[in-house]
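Chain letters run A, B, ... following the sequence lines, proteins first, then strands; residues in each count from 1.
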Protein chains: 2
Amino acid sequence: MVVSLAQIRQTAGEVFTEGCPTRVVLDHIMSKWGVLVLLALTDGTHRWGELRREVEGISEKMLASTLRTLEADGLVDRTSYPEVPPRVEYALTDLGRELMERMLPLVQWVAANAGRVIPVS
Amino acid sequence: MVVSLAQIRQTAGEVFTEGCPTRVVLDHIMSKWGVLVLLALTDGTHRWGELRREVEGISEKMLASTLRTLEADGLVDRTSYPEVPPRVEYALTDLGRELMERMLPLVQWVAANAGRVIPVS
DNA sequence: CAGTATCCGCGCGGATACTG
DNA sequence: CAGTATCCGCGCGGATACTG
């Protein structure tokens, strides 16, 4: 038996209304840097400098702002240790891990099919 | 047995390298309007005007440009009928449907948890 | 109806310098 | 080390008018 996409979509709720919370959160996590930062944190805790290096091309400003947004959304945890020099670690929250369980299959599929989607010129 | 997110992430490939095809496609489908247009097409074929109305807040320019990008990516099919007045229909391709099978669980989860993620102020 | 053409503002996001 | 502050360009994306 085949379940149609339309049936599944029913349960997605009203994403098309402007300003609805779902749209706001989608904008955060589906943003260019949002995805990459979340992805980087998927294999565990990372320090600021590690994220800066791992997420290639991100600027300090964007890393800071992305992390603050994801933290406010409750998806990322920030832990700062009172040491000199300072050490700050970022990790997914439980909510963040739930999210990534759904996001990873999507990213995997894209990674596997990117060559098919955009023909190699 | 619990499979760690890190293990799953392995198979996602190198998403962190700048300019890699995966990043490009992710940027298309994870963009604000990309997601919403793909979502609108998930319950079947739609005409231009229907999409304009269903995806609330999208401008003509952005709808046109989003549709052209997704069409070039091979995710959306454009069929124009030689009638007066003209009729043009948009639908997901097989590739697009494969993608949405992975995207819908993510969107559903966000829709279900948006209230939790951003506390109602 | 299904777009294109043109104009234009603003804010995203980069670069650089600086700090607790 | 982990950021913040400041400046600034450009292109995303909206608004409006027009067309096959």
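Of the two residues near DNA chain D, P86(A) and E60(A), the one whose nearest nucleotide lies more 5' is P86(A). The 5' end of DNA chain C is approached more closely, in terms of each residue's nearest nucleotide, by A64(B) than by the other of A64(B) and I58(A). In this structure, K61(A) and R68(A) both approach DNA chain D, and ranking their closest nucleotides by distance from the 5' end singles out R68(A).
Atom pair R52(B):CZ and dT16(D):C1' shows a separation of 12 Å (rounding to whole Å applied). Computed from coordinates, the L67(B) CG to dG13(D) P distance equals 14 Å when rounded to whole Å. Counting to the nearest Å, the P atom of dC8(D) and the CE atom of M62(A) are 18 Å from each other. Taking atom CD of residue E71(B) and atom C1' of nucleotide dG3(C), one finds them 13 Å apart after rounding to whole Å. Taking atom CG on L36(A) and atom P on dG13(C), their separation rounds to 12 Å, with Å as the unit. Rounded to whole Å, the distance from CH2 on W48(B) to P on dT4(C) is 7 Å. If you take CH2 of W33(B) and P of dC12(D), they are 15 Å apart, rounded to a whole angstrom. Distance CD (E89(B)) to C1' (dC1(C)): 13 Å, rounded to an integer number of Å.
When all heavy atoms are compared, the tightest approach of V88(B) to S80(B) is CG2-CB, 3.9 Å.
Looking at T79(A) and R87(A), their side chains never come closer than 4.5 Å, going by heavy atoms from C-beta outward. The shortest side-chain heavy-atom distance between I58(A) and V37(A) falls under the 4.5 Å cut-off.
For dA2(C), the OP1/OP2 oxygens have a side-chain nitrogen or oxygen of R47(B) closer than 4.0 Å. Contact annotation: R78(B) reaches the phosphate of dG3(C) (side-chain N/O to OP1 or OP2, under 4.0 Å). Side-chain nitrogen and oxygen atoms of Y90(A) include none within less than 4.0 Å of the OP1 or OP2 phosphate oxygen of dC1(D). Of the side-chain N and O atoms in R53(B), none sit less than 4.0 angstrom from OP1 or OP2 of dC1(C).
Atom CG in L36(A) sits 5.0 Å away from atom CZ in R23(B) (nearest 0.5 Å).
Across all strands shown, dC10(C) forms a Watson-Crick or G-U wobble pair with dG11(D), both key distances being under 3.5 Å. Pair assignment for dT19(D) gives dA2(C), based on Watson-Crick or G-U wobble hydrogen-bonding distances that are each under 3.5 Å.
The side chain to side chain contact (heavy atoms under 4.5 Å, CB included) with L99(A) is formed by just one residue from the set V25(A), I29(A), D94(A); it is I29(A).
Nucleic acid contact for Y81(A): none, since no nucleic acid atom lies under 4.0 Å from a heavy atom of the residue.
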